[in-house]
Every structure is written in C-alpha cells, then in structure tokens.
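The structure under discussion appears below in the form of structure tokens.
Counting starts at 1 for both ligands and their atoms, following the listed order.
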Amino acid sequence: MNERKLTIETKSPAETEALGERIGRAVEEGVVIALIGDLGAGKTQLTKGIAVGLDVPGLIHSPTFNLIHEHAGRLPIYHFDLYRLNSPHDLDDLGAESYFYGEGVSVVEWAERAGDRLPADRLEIRIAADDEHRIFDITATGDESSKSLSRIQYPASRIKK
Ligand code: ADP
Ligand code: MG
C-alpha cells in the first residue's frame with residue numbers, strides 16, 4: 001500500500017483556510033477527506049478553504065442539522081458533519097456509500113464516527129489545537145489519496161516533517 005504523510009502547522013484561521021485551499025486544488029475526483037479533531041479544532045475552517053480550492057462559489061457553513069450538504073464546484077463537494085450521527089449504520093440510510101464512492105470529493109467532519117463505512121483509501125487529517133496553533137497530520141492511506149496528497153503544493157519551509 002502506498003502511504004504518504006505530510007504535517008503542517010498553521011497559526012491563524014486564515015492560514016488554515018489557505019491550507020484547505022491548497023488541498024482543494026490538489027484533490028482529484030473520488031477522494032474522501034476524513035477530518036478528525038475536537039470541537040473547535042478547525043475542521044469547518046479547513047473545509048471552507050477546501051471548497052474555495054474546488055471553486056465552489058460562496059461561503060459554506062457547517063451542515064449542523066443536515067448530516068450532509070452538497071455543493072457544486074470544479075468537482076462536486078459532499079460536506080458531511082457526523083457530530084450527531086448515532087451509529088455508522090445510520091450512514092447507510094443516508095446513502096453515504098454513493099457519496100464516498102462517487103465522483104465528487106467527500107469532506108467528512110467527525111470522520112471517526114463513520115467507523116468502517118469510510119473507504120480504506122482516504123486522506124485522513126488529524127488536527128491538534130493549542131491556542132491559535134493547529135497541527136494538521138495528513139496521511140494518505142491508499143493509492144488514490146496518495147496521488148492527491150503528492151499534488152498538494154505547500155512551501156517546504158512550512159512543512160513540519
Ligand atoms: P470545528 O469544525 O473543528 O469544530 P471550526 O472550524 O468551526 O472547528 O472552528 C475553529 C475555531 O478555532 C474558530 O473559531 C477559529 O477562529 C479558531 N481558530 C483559531 N486559530 C485557528 C487556526 N490556526 N486554524 C483554524 N481555526 C482557528
Ligand atoms: Mg465543524
């Protein structure tokens with residue numbers, strides 16, 4: 001399995017959005033971005049940037065009451081917020097598989113709640129927060145996500161490891 005990693009630190013919400021934009025520009029169709037981090041970590045902030053990078057017009061908001069919002073961009077973006085998901089099983093009723101394995105880009109907040117419903121090949125982003133600092137640990141867990149990760153353009157000086 002082709003696994004890749006990238007760790008990036010941001011120091012403001014704007015920097016997080018800019019990182020998201022670079023990710024959004026890099027991802028190819030069908031990629032699933034799994035966001036894992038506490039409340040306030042910056043999952044939605046990053047997603048806003050990803051949407052900008054995918055040329056989605058207008059601002060996106062957290063899909064608090066609907067578990068999923070779809071937006072049209074360079075590729076469709078399926079924005080999930082699974083905070084209120086009771087069990088991975090409930091994803092089946094939402095038809096989540098057709099999104100995860102569809103041609104758009106899925107961005108999943110609280111991805112750990114999806115359990116085994118998440119595709120094995122995904123861009124997994126773990127966010128650790130400390131004041132205004134955020135560490136984004138990005139792991140591509142398969143060939144498709146690795147291709148997208150290798151396309152992320154980020155100044156070498158800002159990459160932690
Ligand atoms: P989540 O979706 O993970 O619950 P949000 O993206 O909604 O989190 O909120 C992140 C919060 O943290 C915002 O209030 C934002 O202003 C603040 N923040 C402070 N520093 C950063 C940073 N470096 N990156 C992202 N958000 C930050
Ligand atoms: Mg959020």
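With a heavy-atom cut-off of 4.0 Å, Leu35 does not touch ligand 1 at all. When heavy-atom distances to ligand 1 are checked against a 4.0 Å cut-off, Ser12 comes that close only through its backbone atoms N, CA, C and O. Of all the heavy atoms of Glu109, the ones lying under 4.0 Å from any atom of ligand 1 belong exclusively to the side chain. Of the heavy atoms in Thr16, only side-chain atoms (C-beta onward) come closer than 4.0 Å to ligand 1.
Per-residue contacts place Lys11 under 4.0 angstrom from the following atoms of ligand 1 (heavy atoms of the residue considered): 23 (N). For ligand 1, the atoms closer than 4.0 angstrom to any heavy atom of Gln45 are 6 (O), 15 (C), 25 (C). Atoms of ligand 1 found under 4.0 Å from any heavy atom of Leu39 (numbered from 1 in listed order, with element): 4 (O). Atoms of ligand 1 lying under 4.0 Å from at least one heavy atom of Asp38, given by number and element, are 3 (O).
Here Arg74 contributes atom CZ and Leu54 contributes atom CG; the two are 5.0 Å apart, rounded to the nearest 0.5 Å. Note that CD1 of Ile8 is 15.5 Å distant from CZ of Arg134, once rounded to the nearest 0.5 Å.
Atom 23 (N) of ligand 1 has its closest protein heavy atom at Glu132 O, 2.8 Å. Scanning the protein heavy atoms around atom 8 (O) of ligand 1, the nearest turns out to be Gly42 N, 3.2 Å. Nearest protein heavy-atom neighbour of atom 7 (O) of ligand 1: Thr44 CB, 3.7 Å. Atom 12 (O) of ligand 1 has Arg134 NH2, 3.0 Å as its closest protein atom, hydrogens excluded (heavy atom only). Residue, atom and distance of the protein heavy atom nearest to atom 4 (O) of ligand 1 are Gly40 N, 2.8 Å.
Note: angle at the Mg ion (ligand 2), from OE1 of Glu109 to OG1 of Thr44, is 80° (rounded to 10 degrees).
In this structure the side chain of Val108 never reaches within 4.5 angstrom of the side chain of Ile33, judged on heavy atoms. Contact annotation: the side chain of His79 approaches that of Glu109 to within less than 4.5 Å [non-hydrogen atoms, C-beta and beyond]. You'll find the side chain of Val56 stays beyond 4.5 Å of the side chain of Val52, heavy atoms only. Between Arg4 and Ser150 the shortest side-chain heavy-atom distance falls below 4.5 Å. Between Arg117 and Glu97, the closest side-chain pair of non-hydrogen atoms is not below 4.5 Å.
In summary, Thr47 places no N/O/S atom under 2.8 Å from the Mg ion (ligand 2), failing the contact criterion. Among the backbone and side-chain atoms of Asp81, none of the N, O or S atoms lies under 2.8 Å from the Mg ion (ligand 2).
Residue-to-ligand polar distances keep His133 apart from ligand 1: every N/O pair is separated by 3.5 Å or more.
For Phe136 and Tyr154, the gap between ring centers reaches or exceeds 6.0 Å.
Using a non-hydrogen distance threshold of 4.0 Å, Leu46 does not register as a contact of ligand 1. Close to ligand 1: Pro13, with a non-hydrogen atom less than 4.0 angstrom away.
The one candidate from Thr7, Ile125, Ile127 that meets the side chain to side chain contact (heavy atoms under 4.5 Å, CB included) condition with Asp137 is Thr7.
Of the charged side-chain nitrogens involved, at least one lies within less than 4.0 Å of a carboxylate oxygen, so that Arg151 and Glu28 count as a salt-bridged pair.
Taking the six-membered ring for Trp and thresholds of 30 and 60 degrees, Tyr99 and Phe80 have ring planes more than 60 degrees apart, a perpendicular arrangement.
With a 6.0 Å radius and a threshold of 12 heavy atoms from other residues, nucleotides or ligands, Asp38 has its CG atom at or below the threshold.
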